Amino acid sequence: MSTKAASLDAIPRPRAFSPRVENACLWLLGAGGGVVLIEPSPYELLFFVCVLVLGVGGLALHRSSLPMAILLAIFNLGGVIALVPFLHVTDSVMFIAISIYLMVTSIFFAMILLERGSERFDALGRGLIVGAAIASFAGILGYFDVGGLAAIFTLHDRASGTFKDPNVLGTFVILPVLLLAQRILFRRGRVLVDLALLGLILFGGVFLSFSRGAWGHTAGSLLMMAMLTFVLGSDARLRTRMVLLGLLVPFLAVGALLTAISVEPIREMLEQRANLVQEYDAGPTGRFGNQARALPMLVGLPNGFGPLQFRSHFPEEPHNVYMNAFASYGWLGGISYLGLTLATIAVGFATVARRFSLQPVAIAVWSTLFVQMLLGFIIDTDHWRHYYLLLGLIWGLFALSRLEALRSRGS
């Protein structure tokens, strides 16, 4: 599977900034995505810089990505309608404003890959790996309270790094983990450094977040990427290498786990978090009990409870992104979000099945996003920046694959 991509522009456009400047902005954006302890975060500031720098050269949304943009717009329209009775509630207004902003980020990421897609994604991806390494290393330092950093980089005795939530740290790191795994698998870069240094840091961040969802997400995404690469790849040597690595990984995983549980605080937290059902999950007022009680109520509320109003009816947030879509965005938002999810599933599998210049990238992105969509049944993911990054990228890759197919047929 080749990763070289040519520009799809028939006529070069004049641009105010060189490709090197554009790539640097995308690298900084990816790296900034790992630092969100402050609001607005560096990611927000760098996003608008990227819009300016890349937008001056001309960005366009291909018609193949229009369904994503339309469904996101309807989703947020539902949120605006549901917001009307709560315009006096600052948190609710900010919630919908952030949703609209995140929609814009998805559209931006869907547009940037249509020109110099390989080069641009490489810059963004390398930045994401650096950002994930920074966030994970901060989480590791915080977990072991190096220099008193636990007060900043941990939450509830779990590594949160440069995020406000251990669950978000754990899931943000997953796409960089898959990109790093691909670099090792395809023997790009310094394999030993990638594996021994970056790999340990990233896996350390995921593990010490003690997020059950992130653990399952990491394992599921790596397995899905391996299966898709093995089935869709045509390189016999690559398949042989994958089989050998597949035999080696379980031994490495067991060795790492045995080493980790030899540390008493880690062993105690692992025993606590390893239970499938936590205390706050069970019972009529637990996570699943709240969802069961909320469902019949939402059936009779076309506008839902209103943005961030689930907490006014129940002790906790819904912890189910699909239920939250109906609760915060009403029927219009909920139905459009389900439609977006189903459309994205169809587009994701169609994209990875097509041979084109960025097929390996599509496999990594889709393996991360698909499992994250499943994770949405137990976690609210609708305001995760990296969810909208993944969403925009897969729709942009879908458009790129179709454009390249049309070009190959026309040549």
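Basis for what follows: all heavy atoms, side chains included, without hydrogens, waters or symmetry-related copies. Computed from a predicted model, the values in this text were never measured in an experiment.
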His383: side-chain hydrogen bond (donor to acceptor under 3.5 Å, both in side chains) partners, not counting sequence neighbours = Ser99
Residue list, side-chain hydrogen bond (donor to acceptor under 3.5 Å, both in side chains) with Arg311, at least two apart or on another chain | Glu317
Heavy-atom closest pair (Leu54 atom, Ile112 atom, distance to 0.1 Å) is CD2-CG2, 3.7 Å
Stepwise side-chain contact (heavy atoms from CB on, under 4.5 Å) check, Thr162 with Val36 = CA-CA 6 Å; Thr162 49; Val36 292; over 6 Å; no
Is there a side-chain contact (heavy atoms from CB on, under 4.5 Å) between Phe230 and Val243 once you walk through the steps?
-> CA-CA 9 Å; Phe230 190 88; Val243 171; 4.0 Å; yes
More than 12 heavy atoms from other groups under 6.0 Å of CE on Met297 | yes
When Leu124, Leu391, Ile394 are each screened for side-chain contact (heavy atoms from CB on, under 4.5 Å) with Phe109, the one that passes is Leu124
Would you say Ser367 and Leu228 make side-chain contact, with heavy atoms under 4.5 Å?
-> yes
From the list Phe108, Tyr43, Phe47, ring-ring contact (aromatic ring centres under 6.0 Å, His included) with Tyr101 holds only for Phe47
Side chains of Asn320 and Asp380, donor plus acceptor under 3.5 Å = no
Sorted by chain and residue number, the side-chain hydrogen bond (donor to acceptor under 3.5 Å, both in side chains) partners of Ser64 (sequence neighbours excluded) come out as His62, Arg402
Not counting sequence neighbours, list each pair that qualifies as a salt bridge (Lys or Arg N to Asp or Glu O under 4.0 Å) and has a residue in residues 384-401.
-> Glu39-Arg385, Glu44-Arg385
Between Asn290 and Phe314 the two heavy atoms that sit nearest each other are OD1-CD2, 3.8 Å
In Å and rounded to the nearest 0.5 Å, what is the CG to CG distance from Leu358 to Asp122?
-> 10.0 Å
Output for pair (Leu390 CG, Met373 CE), nearest 0.5 Å, gives 9.0 Å
Report yes if the side chains of Leu375 and Tyr387 come closer than 4.5 Å at any heavy-atom pair, otherwise no.
-> no
Run the ring-centre check on Tyr143 versus Phe153 and record whether the distance is less than 6.0 Å.
-> no
Passes side chain to side chain donor-acceptor pair (under 3.5 Å), Trp384 versus Thr171? Steps please.
-> CA-CA 9 Å; Trp384 287 3; Thr171 53; 5.7 Å; no
With a 4.5 Å limit on heavy-atom distance, are the side chains of Met224 and Trp366 in contact?
-> yes
Look up atom CG in Asn167 and atom CD1 in Ile379, then write down how far apart they are to the nearest 0.5 Å.
-> 5.0 Å
4.5 Å side-chain heavy-atom contact, Phe310 and Met323 = yes
Hey, are the side chains of Phe75 and Met103 touching, using non-hydrogen atoms and a 4.5 Å cut-off?
-> no
Aromatic plane relationship, Trp215 with Phe210 - under 30° parallel, 30 to 60° tilted, over 60° perpendicular | perpendicular
Heavy atoms, side chains only, cut-off 4.5 Å: are His313 and Arg293 in contact?
-> no
Assess whether atom CG of Asp157 is packed by more than 12 heavy atoms of other residues, nucleotides or ligands within 6.0 Å.
-> no
Do His217 and Thr368 come close enough that some side-chain heavy atom pair is under 4.5 Å?
-> yes
Working to the nearest 0.5 Å, report the span between CG of Asn303 and CG of Leu332.
-> 9.0 Å
Side chain Ser41, main chain Ile38, donor-acceptor under 3.5 Å = no
Is there a side-chain contact (heavy atoms from CB on, under 4.5 Å) between Leu141 and Phe137 once you walk through the steps?
-> CA-CA 6 Å; Leu141 292 178; Phe137 192 61; 3.7 Å; yes
May I have the step-by-step check of side-chain contact (heavy atoms from CB on, under 4.5 Å) for Asp165 and Leu169, ending in yes or no?
-> CA-CA 7 Å; Asp165 185 343; Leu169 166 66; over 6 Å; no
Can you list the residues that meet the side-chain hydrogen bond (donor to acceptor under 3.5 Å, both in side chains) rule with Asn23, with sequence neighbours excluded?
-> Arg116, Glu119
Taken in chain and number order and not counting sequence neighbours, the residues that satisfy ring-ring contact (aromatic ring centres under 6.0 Å, His included) with Phe121 are none
Would you say the side-chain atoms of Gln372 and Thr381 include a donor-acceptor pair closer than 3.5 Å?
-> no
Of the non-hydrogen atoms in Ile152 and Leu37, which two are nearest, and what is the gap between them?
-> CG2-CD1, 4.1 Å
Separation of Ser357 OG from Leu400 CG (nearest 0.5 Å) = 5.0 Å
Gln291 and Leu295, any side-chain heavy atoms less than 4.5 Å apart = no
Nearest heavy-atom pair of Val49 and Cys25: which atoms, and what distance?
-> CG1-SG, 4.1 Å
Which class fits the ring pair Phe398 and Trp395: parallel under 30°, tilted 30 to 60°, perpendicular over 60°?
-> perpendicular
If you look at every heavy atom in Ala226 and Met242, which pair is closest and at what distance?
-> O-CE, 3.0 Å
Please state whether the rings of Tyr329 and Phe95 are parallel, tilted or perpendicular, taking 30° and 60° as the class boundaries.
-> tilted
Any sub-3.5 Å donor-acceptor pair from Asp145's side-chain atoms to Ala150's backbone N or O?
-> yes
Phe326 ring center within less than 6.0 Å of Trp331 ring center = no
Can a donor-acceptor pair be found between the side chains of Arg354 and Ser401 at a distance below 3.5 Å?
-> yes
Hey, could you give me the CD1/CG distance between Ile335 and Leu71, rounded to the nearest 0.5 Å?
-> 11.5 Å
Ignoring hydrogens and geometry, is there a side-chain-to-backbone donor-acceptor pair from Ser209 to Ala159 under 3.5 Å?
-> no
Short question: side chain of Gln309, backbone of Ser328 - any donor-acceptor pair under 3.5 Å?
-> no
Shortest non-hydrogen contact between Gly125 and Leu179, atoms and distance | CA-CD1, 3.9 Å
When the ring planes of Phe163 and Phe172 are compared, do they come out parallel, tilted or perpendicular, using 30° and 60° as the limits?
-> tilted
